[in-house]
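Presented below is the structure to which this report refers.
Small disclaimer: the values here were computed from a predicted structure and weren't measured.
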Amino acid sequence: QVQLVESGGGSVQSGGSLRLSCAASGRTFSSLTMGWFRQAPGKEHDFVAAITWGSSSTVYADSVKGRFTISRDNAKNTVYLQMNTLKPEDTAVYYCAARTGRILTMRRTQYDYWGQGTQVTVSS
């Protein structure tokens with residue numbers, strides 16, 4: 001089992017920045033592929049970004065490319081999502097997710113473990 005706990009959400013004005021963190025426990029963190037998803041009110045979970053276990057590969061949703069950066073610190077069992085130039089349409093609950101194995105995927109159903117989510121609100 002893997003436990004994931006997100007933090008760092010909050011309210012910010014358009015153009016601002018936030019950094020989300022996700023602390024993992026329960027399994028060797030370095031063996032996990034990590035991802036971030038988000039869910040706006042009334043919408044499905046949307047993929048945001050993912051990173052392989054050794055940080056050698058990352059993938060981003062088109063809507064966040066150039067603004068968001070995913071990274072991880074295996075020594076701290078933590079993955080981060082740096083969000084810059086935030087827009088009102090980025091408002092959502094952001095979820096950290098993990099999957100065993102080294103395949104990088106944007107598909108929600110291929111992630112095995114999920115955090116409880118953290119709210120990000122961007123005002124115009």
Side-chain angles (χ1 to χ4, degrees):
Q1 283 290 338
V2 175
Q3 292 77 45
L4 303 173
V5 179
E6 303 97 333
S7 61
S11 297
V12 64
Q13 289 192 326
S14 182
S17 298
L18 283 173
R19 187 176 82 155
L20 305 183
S21 299
C22 172
S25 62
R27 190 184 176 107
T28 303
F29 180 71
S30 60
S31 69
L32 300 171
T33 292
M34 303 297 297
W36 287 96
F37 289 76
R38 65 187 182 186
Q39 186 176 29
K43 296 188 177 182
E44 298 290 326
H45 281 77
D46 289 332
F47 172 78
V48 176
I51 187 167
T52 53
W53 69 280
S55 303
S56 59
S57 296
T58 57
V59 62
Y60 296 91
D62 288 343
S63 58
V64 306
K65 278 181 183 176
R67 300 188 298 123
F68 291 11
T69 303
I70 188 171
S71 62
R72 65 191 293 165
D73 185 337
N74 287 344
K76 295 182 178 180
N77 290 356
T78 301
V79 63
Y80 305 97
L81 185 68
Q82 178 66 45
M83 305 185 294
N84 298 329
T85 319
L86 283 161
K87 306 175 181 179
E89 51 263 45
D90 295 318
T91 295
V93 177
Y94 283 71
Y95 295 90
C96 176
R99 66 182 305 274
T100 55
R102 304 180 181 182
I103 302 298
L104 204 59
T105 177
M106 297 184 285
R107 299 179 66 177
R108 177 178 62 86
T109 56
Q110 294 186 342
Y111 286 82
D112 307 301
Y113 308 101
W114 293 82
Q116 81 289 349
T118 185
Q119 177 70 47
V120 171
T121 302
V122 184
S123 58
S124 56

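- Of the possible donor and acceptor atoms, none in the side chain of Thr58 sits under 3.5 Å from a partner among the backbone N and O of Ile51.
- Among Tyr111, Phe37, Trp114, the single residue meeting the ring pair (Phe, Tyr, Trp, His ring centres under 6.0 Å) criterion with His45 is Trp114.
- Contact of the Leu32 side chain with the Thr100 side chain is registered, since non-hydrogen atoms from C-beta on lie closer than 4.5 Å.
- Annotation for Ser124 and Ser14: closest pair CA-CB, 4.1 Å, computed over non-hydrogen atoms.
- Closest of all the heavy-atom pairs between Ala92 and Gln119 is O-NE2, 3.4 Å.
- A donor-acceptor contact shorter than 3.5 Å links the side chain of Glu6 to the backbone of Gly117.
- Taking 4.5 Å as the limit, some side-chain heavy atom of Arg38 sits within range of a side-chain heavy atom of Ser63.
- In terms of heavy atoms, Gly9 sits closest to Val120 at CA-CG2, 4.2 Å.
- With contacts defined as side-chain heavy-atom distances shorter than 4.5 Å, the pair Leu20/Met83 qualifies.
- Applying side chain to side chain contact (heavy atoms under 4.5 Å, CB included) to Phe68 and the options Val48, Thr85, Asn84 leaves one that passes, Val48.
- Closest of all the heavy-atom pairs between Ile70 and Trp36 is CD1-CD1, 3.6 Å.
- Rounding to the nearest 0.5 Å places OG of Ser31 at 11.5 Å from CZ of Arg99.
- In this structure, Tyr113 is a member of the same hydrophobic cluster as Tyr94, with clusters built from ILVMFWY side-chain heavy atoms closer than 4.5 Å.
- Contact between Ala49 and Leu81 at its shortest, heavy atoms only, is CB-CD1, 4.3 Å.
- The minimum heavy-atom distance between Gln110 and Thr105, with the atom names listed, is OE1-OG1, 2.7 Å.
- In this structure, CE on Met34 lies 9.0 Å from OG1 on Thr78, to the nearest 0.5 angstrom.
- Contact check on Asp90 versus Lys87 returns no salt bridge, with no Lys/Arg side-chain nitrogen under 4.0 Å from an Asp/Glu carboxylate oxygen.
- Under the 4.5 Å side-chain contact rule for hydrophobic residues, Leu18 and Leu4 share a cluster.
- No side-chain donor-acceptor contact under 3.5 Å links Arg72 to the backbone of Thr33.
- The same ILVMFWY cluster, assembled from side-chain heavy atoms under 4.5 Å apart, contains both Tyr95 and Val59.
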